[in-house]
Amino acid sequence: MNDERQAAFSKRERIREYLLDLVETLDFGQAIPSERRLCAELGVSRPTLRGAVDDLVRDGLLVRRHGQGMFVAQPKIAQDLAQTAPSRHTVAGVDGTWSSRTVDFRTISAGARVGRRLRLSPAAPVLRITRLRLVDQLPMSVDTLFLPEGLVPGLTAADLEQHSFYDLLESRYGVGVSEAVQTIEPTVTDEDEAALLDVPVHFPALLFERVTEDEAGRVVEFAHSLYRGDRYRIVSRLSLSKDRRGGRVLSGEWSTAAPAAGPSTLPTDPFFAGPSS
């Protein structure tokens with residue numbers, strides 16, 4: 001990197017650090033100072049400042065309102081990957097009201113991909129249920145569940161707007177979930193997902209896919225969940241002490257209970273819970 005590019009990079013980083021410190025001192029919805037004032041305080045040009053601000057908008061830390069200015073964005077929901085919950089249904093003090101809206105509920109043939117995950121033949125009937133998950137009525141994720149049809153006779157679209165799916169499995173159908181394997185990867189929204197989440201097409205997102213087994217080892221669910229990349233973050237906790245853990249990585253199982261530290265996070269997504277009361 002030549003001296004000119006290095007100087008530009010250093011200036012951009014200095015502005016970014018200043019803005020990050022500023023955001024941490026303000027509450028959600030508060031405005032940051034005007035471009036004119038920030039340029040004067042930092043001794044930079046408007047194009048240079050706007051480049052740094054654009055980075056924070058892209059990262060979901062600031063919101064630009066046309067004709068009004070820049071405002072601190074809502075804090076991101078944090079999912080803690082450490083297994084700290086005393087119960088698989090426990091949710092610890094979640095800020096905001098979570099709700100669900102069922103947007104599709106139908107029986108389909110499993111097909112090759114879903115059939116492999118549910119350990120069913122491609123022709124087997126499965127329920128495909130798509131739900132929009134909201135926090136304080138703002139879209140957060142699109143969840144699609146694939147369930148063996150014979151597992152949940154009588155299940156309705158309204159049931160999943162009023163109850164936790166895992167609570168229904170246990171209380172109504174006598175099925176206790178035991179283990180799940182979940183993968184997480186970055187992706188972007190397609191047209192349908194973007195419309196539901198109220199974001200542009202190809203908007204950054206996090207894709208969760210989960211295969212869940214009951215206590216007898218039977219697969220009871222394949223879940224495909226897409227979360228807005230600007231409103232969700234993943235937090236992991238590692239033990240690196242050889243003295244305490246023999247140098248081993250702790251369990252990769254995930255929990256919805258423990259909030260991540262720091263002012264920019266909310267407690268975790270109540271994935272196992274039903275709508276907030």
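- Rounding to the nearest 0.5 Å gives a distance of 7.0 Å between CG of Leu61 and CZ of Arg16.
- Using a 4.5 Å cut-off between side-chain heavy atoms of Ile, Leu, Val, Met, Phe, Trp and Tyr, with links allowed through other members, Phe208 and Val188 fall into different hydrophobic clusters.
- Contact check for Val126 versus Phe222: no side-chain heavy atoms found under the 4.5 Å cut-off.
- A continuous path of ILVMFWY side-chain contacts below 4.5 Å connects Leu168 to Leu147, so both sit in one hydrophobic cluster.
- A single hydrophobic cluster is seen to contain both Val142 and Val103, as judged by linkage of ILVMFWY side chains at heavy-atom distances under 4.5 Å, directly or through other members.
- The distance from atom CD of Gln182 to atom OG of Ser225, rounded to the nearest 0.5 Å, is 7.5 Å.
- The minimum heavy-atom distance linking Leu118 with Glu221 is given by the pair CD2-C, 3.7 Å.
- With hydrogens and angles ignored, the 3.5 Å screen pairs a side-chain donor or acceptor of Ser171 with a backbone N or O of Asp167.
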May I have the step-by-step check of side-chain contact (heavy atoms from CB on, under 4.5 Å) for Val175 and Glu170, ending in yes or no? CA-CA 5 Å; Val175 176; Glu170 191 166 30; over 6 Å; no

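- For the pair Arg101 and Glu161, the salt-bridge criterion is not met [side-chain N within less than 4.0 Å of a carboxylate O].
- Cluster annotation: Leu42 and Leu26 are assigned to the same hydrophobic cluster (Ile/Leu/Val/Met/Phe/Trp/Tyr, side-chain heavy-atom contacts under 4.5 Å, transitive).
- At least one donor-acceptor pair under 3.5 Å links the side chain of Ser164 to the backbone N or O of Tyr166.
- Minimum heavy-atom separation, Pro122 to Ala112: CB-N, 4.1 Å.
- Under the 4.5 Å side-chain criterion, counting only non-hydrogen atoms from C-beta, Leu38 is in contact with Tyr18.
- Of the charged side-chain nitrogens involved, at least one lies within less than 4.0 Å of a carboxylate oxygen, so that Arg119 and Glu213 count as a salt-bridged pair.
- Cluster annotation: Leu132 and Leu160 are assigned to distinct hydrophobic clusters (Ile/Leu/Val/Met/Phe/Trp/Tyr, side-chain heavy-atom contacts under 4.5 Å, transitive).
- In this structure, Arg210 and Val181 have side chains that are not in contact, with every pair of non-hydrogen atoms separated by 4.5 Å or more.
- Between Ile129 and Leu155, the closest side-chain pair of non-hydrogen atoms falls below 4.5 Å.
- For the atom pair Leu169 CG and Asp214 CG, the distance stands at 8.5 Å (nearest 0.5 Å).
- By the side-chain contact (heavy atoms from CB on, under 4.5 Å) test, Pro125 is found to be paired with Thr107, Glu149, residues two or more places apart in sequence or in another chain being considered.
- The side-chain heavy atoms of Val199 and Pro204, taken from C-beta on, include no pair separated by under 4.5 Å.
- Note that Arg128 lies outside the cation-pi zone of Phe146, set by a 6.0 Å cut-off to the ring centre and a 45° limit from the axis.
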Test log, rule side-chain contact (heavy atoms from CB on, under 4.5 Å), inputs Asp104 and Arg131: CA-CA 7 Å; Asp104 188 56; Arg131 300 186 300 168; over 6 Å; no

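- With a 6.0 Å radius and a threshold of 12 heavy atoms from other residues, nucleotides or ligands, Glu191 has its CD atom at or below the threshold.
- Under the 4.5 Å side-chain criterion, counting only non-hydrogen atoms from C-beta, Val72 is not in contact with Asp27.
- A donor-acceptor pair under 3.5 Å is formed between the side chain of Thr189 and the backbone N or O of Pro200.
- For the residue pair Arg133 / Ser100, a side-chain donor-acceptor distance below 3.5 Å is found, with atom types taken as modelled.
- Glu209 CD to Leu226 CG: the interatomic distance, rounded to the nearest 0.5 Å, is 10.0 Å.
- Between Ser109 and Ala123, the closest heavy-atom pair is OG-O, 4.1 Å.
- Nearest heavy atoms, Ala73 versus Val63: CB-CG2, 3.6 Å.
- Salt-bridge formation is detected for the pair Arg172/Asp159: a Lys NZ or Arg NE/NH1/NH2 atom is positioned less than 4.0 Å from an Asp or Glu carboxylate oxygen.
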Would Phe105 and Leu127 count as a side-chain contact (heavy atoms from CB on, under 4.5 Å) if you check the C-alpha gap in whole Å, the side-chain angles of each, and the deciding distance to 0.1 Å? CA-CA 7 Å; Phe105 189 101; Leu127 282 178; 4.1 Å; yes

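- The side-chain heavy atoms of Arg50 and Glu35, taken from C-beta on, include a pair separated by under 4.5 Å.
- In this structure, CG on Leu138 lies 11.5 Å from CG on Leu197, to the nearest 0.5 angstrom.
- Atom CG of Leu145 sits about 8.0 Å away from atom OG1 of Thr130, to the nearest 0.5 Å.
- Within the 4.5 Å cutoff, no side-chain heavy atoms of Met140 are placed close to those of Leu134.
- Arg65 forms a cation-pi arrangement with Phe71, by the criterion of a distance under 6.0 Å to the ring centre and an angle within 45° of the ring axis.
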Could you walk me through whether Thr212 and Val219 pass side-chain contact (heavy atoms from CB on, under 4.5 Å), step by step? CA-CA 6 Å; Thr212 306; Val219 176; over 6 Å; no

